Amino acid sequence: MPELPEVETVANGVNARVRARRIVQVWTSGKPQTFKSPETEIAAALTGAKIESVRRVGKTIVMTVARDGKPTEFLIHLGMTGRLLVCTPEMPAAPHTHAVLTLDDAREVRFVDPRRFGRLSIHHPKDGGRVRVGTPTSQNRDVGHPVLTDDRHAGYAGPGREPLTISVEDFVALFRGRKTPIKAALLNQSLLHGVGNIYADEALFRAGIRPARQAARLSREELKKLRAALIAVLKQAIKLGGSSVSDYVDADGVRGFFQLRHKVYQRTGEPCRDCGTPIQRIELAGRGTHFCPVCQR
DNA sequence: AGGTTGACCTGGACGC
DNA sequence: TGCGTCCAGGTCAACC
């Protein structure tokens with residue numbers, strides 16, 4: 001299931017393969033649930049447009065296209081089982097293909113999503129400079145697109161903050177007065193972008209914090225540790241191409257490797273890699289939640 | 001308003 | 001073998 005590292009991997013992979021290409025044809029499946037914008041609007045906005053960049057904002061893939069100098073954003077949310085693949089035309093179409101963008105070199109960008117939790121939509125960026133564009137850093141220089149320094153201004157992104165760039169002060173402030181379990185707060189996209197079930201469990205293990213603890217009752221030191229653990233686990237996962245636990249694959253259909261480093265996620269009953277105690281599973285915020293009863297307090 | 005729960009989906013795993 | 005049941009979870013709407 002795609003979370004921040006998986007979406008980042010897919011977005012960077014697609015960006016490297018299709019940037020500066022022109023879209024010559026758009027096909028959509030007609031499955032209404034998949035399309036948040038009308039399919040006719042998506043086809044009209046993309047046909048004939050040039051792909052400027054593909055990047056990640058939260059768990060959303062943002063493809064910026066331009067026609068007649070006017071930018072439009074194609075938003076792709078992978079949901080649970082969505083894939084965005086760059087294919088040659090002779091590759092057979094996978095079942096549950098919902099959109100195909102044919103490029104000017106005959107290659108195709110295909111959106112495949114068996115469970116149909118994914119969503120496609122068109123966003124027209126507001127003019128007036130509400131989106132602040134930052135300078136490339138060592139981390140994103142290779143990506144080849146401008147960097148949003150504050151994604152809260154991106155319009156579609158919602159109020160949540162980017163976990164990779166949030167300061168200690170802001171991170172601590174997010175959970176002030178929150179009576180909900182810390183795990184539920186980590187999953188709340190209006191607080192933090194991009195954290196899903198896998199990386200919430202893994203970050204809490206690495207920080208030594210029980211998922212059921214009330215967010216507001218965590219000390220400043222614990223939250224500081226949690227922020228560092230979250231950033232570390234997300235960065236390591238990005239490096240390894242994400243976690244392939246469901247049917248997640250990158251832009252070339254290649255699986256990630258971070259699932260081999262999972263310490264608690266879907267390891268119920270298996271020994272903790274640090275202390276040997278069997279990993280426990282409970283349900284929290286309607287999600288399977290995995291933790292070590294000894295290492296996490 | 002913050003917090004919680006269920007619906008949306010389908011493939012795969014499991015039990016009988 | 002085959003059928004039925006359950007489970008996975010990102011997000012949103014509805015409810016408390």
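Given the structure is predicted, the values throughout are model-derived calculations rather than measurements. Here is the naming used below: chain letters follow the sequence lines, and residue numbers restart at 1 for every chain.
- With rounding to whole Å, A:Lys183 atom NZ is found 9 Å from C:dG10 atom P.
- For C:dT11, the OP1/OP2 oxygens have a side-chain nitrogen or oxygen of A:Lys59 closer than 4.0 Å.
- Atom P of nucleotide C:dG10 and atom CD1 of A:Ile76 are separated by 19 Å, given to the nearest angstrom.
- Side-chain atoms of A:Glu6 come within 3.5 Å of backbone atoms of A:Glu3 as a donor-acceptor pair (strictly under, hydrogens ignored).
- Closest contact between the side chain of A:Pro181 and the listed nucleotides B:dC9, B:dT4, C:dT11 involves B:dT4.
- Counting only distance, with no hydrogens or angles, the side chain of A:Asn15 and the backbone of A:Arg55 share no donor-acceptor pair below 3.5 Å.
- Rounded to an integer number of Å, the gap from A:Leu4 CG to C:dG9 P is 18 Å.
- When rounded to the nearest whole Å, the span between NZ of A:Lys31 and P of B:dC9 equals 11 Å.
- When the side-chain nitrogen and oxygen atoms of A:Gln33 are compared with OP1 and OP2 of B:dC9, one or more of them lie within a distance under 4.0 Å.
- With hydrogens and angles left out, the side chain of A:Arg287 and the base of C:dT11 share a donor-acceptor pair within 3.5 Å.
- Taking atom CG of residue A:Leu78 and atom P of nucleotide C:dT11, one finds them 10 Å apart after rounding to whole Å.
- The distance between atom CD of A:Gln189 and atom P of B:dG3, rounded to the nearest whole Å, is 16 Å.
- Listed pair A:His96 / B:dG11 meets the phosphate criterion, a side-chain N or O lying under 4.0 Å from OP1 or OP2.
- Contacts of A:Arg178 with the nucleic acid, taken as non-hydrogen atoms under 4.0 Å apart, involve only primed sugar atoms and P, OP1 or OP2.
- Using a 4.0 Å heavy-atom distance criterion, A:Gly286 is classed as making no nucleic acid contact.
- For A:Phe111 and A:Phe74, the gap between ring centers reaches or exceeds 6.0 Å.
- Which of C:dG9, B:dG3, B:dG11 sits closest to the side chain of A:Asn197 comes down to C:dG9.
- Between A:Arg220 and A:Glu169 there is a salt bridge, since a side-chain N of the basic residue sits under 4.0 Å from a carboxylate O of the acidic one.
- For A:Arg115, counting side-chain heavy atoms from C-beta on, the closest listed nucleotide (B:dT4, C:dT11, B:dC9) is B:dC9.
- For the OP1/OP2 pair of C:dT11 and a distance below 4.0 Å, the side-chain nitrogens and oxygens of A:His77 include at least one atom meeting the criterion.
- Closest contact between the side chain of A:Leu187 and the listed nucleotides B:dG3, C:dG10, C:dT11 involves C:dG10.
- Within the shown strands, nothing qualifies as a pairing partner of B:dA1 under the Watson-Crick or G-U definition with both distances less than 3.5 Å.
- Close to C:dG9, at under 4.0 Å from its OP1 or OP2, lies a side-chain N or O of A:Tyr265.
- Between A:Asp252 and A:Arg17, at least one side-chain nitrogen of the basic residue sits less than 4.0 Å from a carboxylate oxygen of the acidic one, meeting the salt-bridge criterion.
- Closest contact between the side chain of A:Phe117 and the listed nucleotides C:dT11, B:dC8, B:dG3 involves B:dC8.
- Side chain to side chain, A:Asp113 and A:Thr81 meet the donor-acceptor criterion of an N or O pair below 3.5 Å.
- Heavy atoms of A:Gly118 sit nowhere under 4.0 angstrom from any nucleic acid atom.
- Taking atom CG of A:Leu191 as the reference point, atom P of B:dT4 lies 12 Å away to the nearest angstrom.
- As a whole-Å value, the separation of A:Gln214 CD from B:dG3 P is 9 Å.
- Nearest to the side chain of A:Lys36, among C:dC12, C:dT11, C:dA8, sits C:dC12.
- Put simply, A:Thr81 has no side-chain N or O that comes within less than 4.0 Å of OP1 or OP2 on C:dA8.
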